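Scroll down for the structure; my scribbles are underneath it.
Just so you know, these numbers come straight off a predicted model, no measurement behind them.
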Amino acid sequence: MLNELKSAWKMAIEKELRSYLSTDDIPELAIGQPPKPDMGDAAFPMFPYAKLAHKSPAAVASDIASRLADHPEGEMIPTGPYLNIRFDIPAMADKIIDKAIGDGDEYGRNDSGRGRKVMIEFSCPNTNKPLHLGHMRNDSLGESVSQLIKATGADVMKVNLINNRGVHICKSMLAYKMFGNGETPESTGEKGDHFVGRYYVRFAQWEKEVEKAREENPAIADDPSFVDPDAAAQEMLRAWEAGDADVRALWEKMNKWTLDGLFESYRNMGISFDKLYYESETYKLGRGEVMRGLDLGVFRREDDGSVQVDLAPIGLDKKVLLRRDGTTLYITQDIGTAVRRHEDWPFDSLIYVVATEQNYHFKVLFYILSLLGYKWADELHHLAYGMVNLPEGKMKSREGTVVDADDLLSELSALAKAEIIEKGRENEVGDVEETARKIALGALNYYLLQVQPQRDMVFNPKDSISFSGNTGPYLQYTAARISSILRKADAENFDGVASNGKLLVNDDEKTLVKAIADFPEAVRKAAAGYDPSIIAAALYDAAKTFSHYYHDNQILKAETRELSLSRIKLVKALLQMMKNGFLLLGIPYLETM
RNA sequence: GAUCCUGUAGCUCAGCUGGAUAGAGCGUCCGCCUCCUAAGCGGAAGGUCAGCAGUUCGAAUCUGCUCAGGAUCACCA
């Protein structure tokens, strides 16, 4: 709403500038924000026109202000070299507030993606271990960006490619076979993914033990009973590929354990998928595409029999697409999988949420798909996110510094629970466990999403996730307080009282109205840039302003009933905006906390 | 070696389509609960926006170089 107005002003001022300077060829007018609210609501710097006019920028600003008679709504305040515009925010308040309240859960959404089909791939776990903090960033981002794109009216298909085969999967299977003694997640009471993960770790131990034994006595390798762990894992993979019944049965059993555990974690994290792909079903895909590329002449068969693609046009080297023995590689599978997906659900766009480590891979993949003539190759995006590091450095599984997703969530829940009890809010809150869980989730999602995706981030378990300051729980708390006000307002009698947005004249009120008006634009920007941090910032700014406002002003007991009701409507609109933003960030909304 | 990403307060991060005095949170220090939830509010201290040069009326923002950190450059996934 305010944006349209600013654009209208921009056009009007540019038109006047053209007439003032007697030329159509003028630099584009920039739209800025005055540093202080009392200086206006939009700023147009006049510097670029000073030279053309042979006058100072300040003179241009005042000249334009006095010449511009027919202009959009608002008041011109030439401020030095800037032509500032002040809008009558209170006069627009009712319209903005009514729109937010009227649109309800739809407020902030737009139509820009209507009719578009967007597929988004994220998570993609291995079925040999539980999720860790790095996965959580991926999952948080994937889910949030999915919501953002849905908010543009597009159809979104969330897909997850389960990496359920390969030598790393065989390692946990092998260790279980050797050391499992028939125990199961049920018998040990463990969550399935943790159970299987334990055997993956056990395999690494076994490797070390064997290596050490061999160092001490190299002759043991000649013993017929000697088993080399890596060779055994490779052997198991061959058996798996050959369809060996026992290996397949073990694989099925252990995969189910892991997946049951992983999906429990997803549920706890508020993550869901529309379609699952399994690597066991896709790993052979892509060979046909490579053959087609050979026919098209975009790939070439080397003397040794392998098939390669020349990446010189994009400034890279060569890449092998089929091994000498004709088997596929990671990139081959991804080619085939992309094609398969487009057949399954003809997307207009496909977003891969994958760590920045794979920038090279996706650059190559997208180029290859365009070589193969797929028009949709131009609409493939790699949403690359940075690593989550610890204050001491990288997380390393070998050193046991990996932060487990389930552990982290339950630790945060415990902290939140302790906080609820310390504040004596058990009764108000109702279900303490559930509330604590939602606070933990809000804290975690906000923490992970407030940083721009591409940046590496530091996770400090000791103090980075606190519940005060610029955090998810602060936002939840703010929303809960507004809810509380609205509950009390409901109990009051406002019969015969009319609200009036024109009464909302103090700076905080104007800032809040503007924040509400600007929210749809924030959603647009965040969706276009796949960047939830824009929403996080918008919500935090609004919450901060509200907290200040609420501290200084009475809402239910304002000077007049009209003012009270007007303020109630303002915070009701604000709450609607916050709730809608929460949904985009995976922050649970709490009516009380 | 090449390519890409990053460098802003003690720490974690915003700000980057150039524009007015570079902002938050945490931490430190000082205040505020007879008033709609103190997970809150206010205040103080804290900056060579890594460095140098360039473009520009104007650079944290754009360009180049240098330095520092990270990632990638497999017939692994």
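With sequence neighbours excluded, the residues forming a salt bridge (Lys or Arg N to Asp or Glu O under 4.0 Å) with A/R341 are A/E121, listed by chain and number. Residues meeting the salt bridge (Lys or Arg N to Asp or Glu O under 4.0 Å) test with A/R340, sequence neighbours left out: none.
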Classify every nucleotide of nucleotides 58-64 of chain B by which part a protein heavy atom approaches to under 4.0 Å, writing B for the base, S for the sugar-phosphate alone and - for neither, in 5'-to-3' order. -------
Can you give one letter per nucleotide of nucleotides 13-28 of chain B, 5' to 3': B if a protein heavy atom sits under 4.0 Å from the base, S if only from the sugar-phosphate, - if neither? SSS---BBB--SSS--
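Within the 4.0 Å cut-off from OP1 or OP2 of B/A38, at least one side-chain nitrogen or oxygen of A/R481 is found.
Contacts of A/A489 with the nucleic acid, taken as non-hydrogen atoms under 4.0 Å apart, are absent. Residue A/E279 is in sugar-phosphate contact alone, with no base atom involved, counting any heavy-atom pair closer than 4.0 Å across all strands shown. A/L322 comes within 4.0 angstrom of nothing in the nucleic acid, heavy atoms only. A/E357 comes within contact range of the sugar-phosphate backbone alone, with a heavy-atom separation under 4.0 Å but no base atom that close. In this structure, A/F467 reaches the bases: a heavy-atom distance under 4.0 Å links it to at least one base atom across the strands shown. Note on A/I439: a base of the nucleic acid sits closer than 4.0 angstrom, heavy atoms only.
Between A/Y330 and A/I420, the residue anchored nearer the 5' end of RNA chain B, judged by the nucleotide with its closest heavy atom, is A/I420. Map A/E591 and A/K318 each onto its nearest nucleotide of RNA chain B; the residue landing nearer the 5' end is A/E591.
For RNA chain B, runs of at least 3 consecutive pairs of the Watson-Crick or G-U wobble type, with both hydrogen-bonding distances under 3.5 angstrom, map to B:1-7 with B:67-73, B:10-13 with B:23-26, B:28-32 with B:40-44, B:50-54 with B:62-66.
Ionic pairing of A/R324 and A/E302 is not present here: no N-O contact between side-chain nitrogen and carboxylate oxygen is shorter than 4.0 angstrom.
Contacts of residues 549-556 of chain A with RNA chain B (heavy atom under 4.0 Å): A/Y550, A/H551, A/N553, A/Q554, A/I555, A/L556.
Among B/C36, B/A71, B/A39, the nucleotide with an atom closest to any side-chain atom of A/K394 is B/A71.
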